[in-house]
Every structure is written in structure tokens, then in C-alpha cells.
Peer 1: 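I'd like to ask some things about the structure below.
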Amino acid sequence: MLRLLGQHRQLGLLLLLGVAMPWGIFLKAASEIQEGEGFPGDRSLLRWLHAHATPALDTVNLALTRVGGPLPMAGLAGLIFWYLWRGRQHRRAWFFGASLGGAMALNLVAKTVLGRVRPALWLSLAPETTPSFPSGHAMGSAALVLAVGLLLARSHWRWLAWTLGPLFALGVGVSRMYLGVHYPSDVVAGWVASVGWVSGVYLLFSPYLRQLERAWVTVRQRRPVAGQAR
């Protein structure tokens, strides 16, 4: 396996940075939450954000949290899926649908299993009652941004997607902390979970998987049989 990854560096980077590391971070965070320990700095960062609140920032963050909410994100995702499907880009449409749909399903499962209570450090401008971990807003926006970025990887629009997209996902995540409805660990976990999920789906739909299968078969065929090696 190490030999194969050495020969296919892009695949190795995708597996390490796109799949293994994000899932490792997410599972570690989920383990800490399940044990009820939480994360150092969660509350202090929220208090710092609230101490710097202004009416103008209230307006900006409320707008970001509304745009990054479930209904607008689902509507935008549906339009993109329809555009790809109507353009007979069925494989790309299935990739996009699996990326967004799977991320949202994972979010619901994690919220149900862990059931972390929302922070209640002050009266929020946009209160929430559902479980807190991981942030659905952060996870949905990050999944959409990454999936669109991968779809546009060879397009002239890729630089715009990879510049404005992450800024949008960052803004949505920060807005959830600013409004006091998510801990920082909820938001970070939502981001990394989306990276891990979407990267894994991309691997399944990309030529990398077929290249890995062919390379693995070649290596297996070249290995000497135990009896012959003697």
C-alpha cells in the first residue's frame, strides 16, 4: 500500500489530508463530547465574541446564518443537482447529491447519538433547541462549497470558487458562534466532517479509485508465491 501511494502522490495526499486527518479530528472530537469533557476555550471564545458584539455585526451574522441555513442550502443544492442532471452530467450529479445528502444524514445521526446541549451563555438573537454537535450550518455550507469546488476543479471559475467558497463557509460557521448557538468545537467538527465525507465520496467517483485497483492488482501479480520464494 505504501508503494502504491508513493507512485500516486495525489491519491496519497487526498487520502491523508482529505479523508484520514479530517475523520481523525472528527472522531476525536466526538469521543470528547461523548465523555462529557468538552473542549478548553469553547466558552471563553464565545464570551469574547459576545463582548465585541455590535448592532452592525448582529445584522451581518444574522444574514449569514440565514443564508447558510438548511432551507437555502437545500434549495441551492437542488438547483445545482438539477442543472447537472439536465445537462446529462449524471455521474457529477450523483457525486454532488451523495456529498450533500450524506453530509446532512451524518449530521443528523451525530446530533441524535451525542445529543450535546446548546450553549446558553446569553439570550441569542436566533435561538435553537436541537442538539448542538456538530453544527449543521457549518457542515452543510462546507459540504456544498467543497463539492462545488471539486466540480469546478478544471473550470475557469475554479479560483473564484476556491476563494469565495471557503470565506462563505467560514462566515457561516463564525456566525453560529457569534450568535451563541454553537460552541467552536461544534463548528470545527462540522467543517472537518464535511471535508472527510466529501473527499471520500470524491475518491469513489474519481479515476483515482480505478487507478488504485489496477495498481494493486499489478503489485499482487508481481509478488512471489511463498513456495516459489524458497
Side-chain angles (χ1 to χ4, degrees), residues 14-54 57-58 60-70 73 99-100 102-147 165-201:
L14 177 62
L15 288 172
L16 176 62
L17 302 179
V19 180
M21 286 183 61
W23 280 118
I25 295 171
F26 178 78
L27 292 175
K28 173 62 177 176
S31 175
E32 295 291 336
I33 298 303
Q34 191 172 32
E35 294 173 1
E37 297 178 3
F39 284 79
D42 261 352
R43 293 177 179 271
S44 59
L45 180 55
L46 291 184
R47 291 192 179 97
W48 182 86
L49 288 172
H50 188 58
H52 292 80
T54 65
L57 288 176
D58 290 348
V60 171
N61 284 279
L62 281 170
L64 283 170
T65 206
R66 286 167 181 161
V67 172
M73 288 292 97
S99 296
L100 272 293
M104 289 298 94
L106 175 63
N107 181 264
L108 292 175
V109 171
K111 282 180 179 291
T112 302
V113 171
L114 297 173
R116 189 183 196 185
V117 178
R118 299 262 181 179
L121 303 181
W122 63 85
L123 183 61
S124 175
L125 296 173
E128 300 277 2
T129 57
T130 56
S132 184
F133 183 93
S135 168
H137 282 66
M139 200 164 175
S141 59
L144 187 142
V145 164
L146 181 54
L167 289 176
F168 171 70
L170 176 64
V172 171
V174 171
S175 74
R176 304 304 285 164
M177 295 184 287
Y178 178 90
L179 295 170
V181 293
H182 276 296
Y183 293 105
S185 53
D186 298 333
V187 173
V188 173
W191 285 334
V192 297
S194 283
V195 171
W197 174 261
V198 176
S199 297
V201 175

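Numbering starts at 1 and runs along the sequence shown. Computed from a prediction, not measured in an experiment: that's the story for all the values here.
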Peer 1: Do the non-hydrogen side-chain atoms of Tyr178 and Leu46 ever get within less than 4.5 Å of each other?
Peer 2: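 No, their side chains stay 4.5 Å or more apart.
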Peer 1: Quick one: which of Leu64, Asn61, Thr65, Asp186 gives a side-chain contact (heavy atoms from CB on, under 4.5 Å) with Arg176?
Peer 2: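 Exactly one pass, corresponding to Thr65.
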Peer 1: Under the side chain to side chain donor-acceptor pair (under 3.5 Å) test, which residues partner Arg66, sequence neighbours left out?
Peer 2: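 Checked Arg66 against side chain to side chain donor-acceptor pair (under 3.5 Å); zero matches.
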Peer 1: So, applying salt bridge (charged side-chain N to carboxylate O under 4.0 Å, His left out) with Asp42, which one of Arg118, Arg116, Arg47 is it?
Peer 2: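 That would be Arg116.
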Peer 1: Is there a side-chain contact between Tyr183 and Arg43, using heavy atoms and a 4.5 Å cut-off?
Peer 2: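 Yes, close enough: below the 4.5 Å cut-off.
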Peer 1: Would a 4.5 Å heavy-atom cut-off, applied to side chains only, mark Met139 and Val187 as touching?
Peer 2: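 In short, these two side chains do not touch, never coming nearer than 4.5 Å.
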Peer 1: Side chains of Pro166 and Val145: closer than 4.5 Å at any heavy-atom pair?
Peer 2: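 They are in side-chain contact.
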Peer 1: Specify the closest pair of heavy atoms between Val181 and Ala126, including all atoms of both residues, with the distance to one decimal.
Peer 2: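 Residues Val181 and Ala126, closest heavy atoms: CG1-O, 3.2 Å.
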Peer 1: Any heavy-atom pair between the side chains of Pro119 and Ser132 that's under 4.5 Å?
Peer 2: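 In contact.
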Peer 1: If you compare all heavy atoms of Val195 against all heavy atoms of Pro22, which two are closest, and at what distance to 0.1 Å?
Peer 2: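 In terms of heavy atoms, the two residues are closest at CG1-CG, 3.7 Å.
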Peer 1: How are the rings of Trp23 and Trp197 set relative to one another: parallel (under 30°), tilted (30 to 60°) or perpendicular (over 60°)?
Peer 2: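 The arrangement is perpendicular - the two ring planes meet at more than 60°.
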Peer 1: Less than 4.5 Å apart, any side-chain heavy atom of Glu32 and any of Phe39?
Peer 2: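 Yes. Closest side-chain heavy atoms under 4.5 Å.
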Peer 1: Side chains of Val67 and Val172, heavy atoms from C-beta outward: is any pair under 4.5 Å?
Peer 2: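 No, their side chains stay 4.5 Å or more apart.
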Peer 1: Are more than 12 heavy atoms from other residues, nucleotides or ligands located less than 6.0 Å from atom CG of Leu167?
Peer 2: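 Atom CG in Leu167 is packed in, count exceeds 12.
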Peer 1: What are the two closest heavy atoms between Ser194 and Leu146, and how far apart are they?
Peer 2: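 That would be O-CD2, 4.2 Å.
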Peer 1: Could you check whether any side-chain heavy atom of Pro134 comes within less than 4.5 Å of a side-chain heavy atom of Trp191, counting everything from C-beta outward?
Peer 2: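 No, their side chains stay 4.5 Å or more apart.
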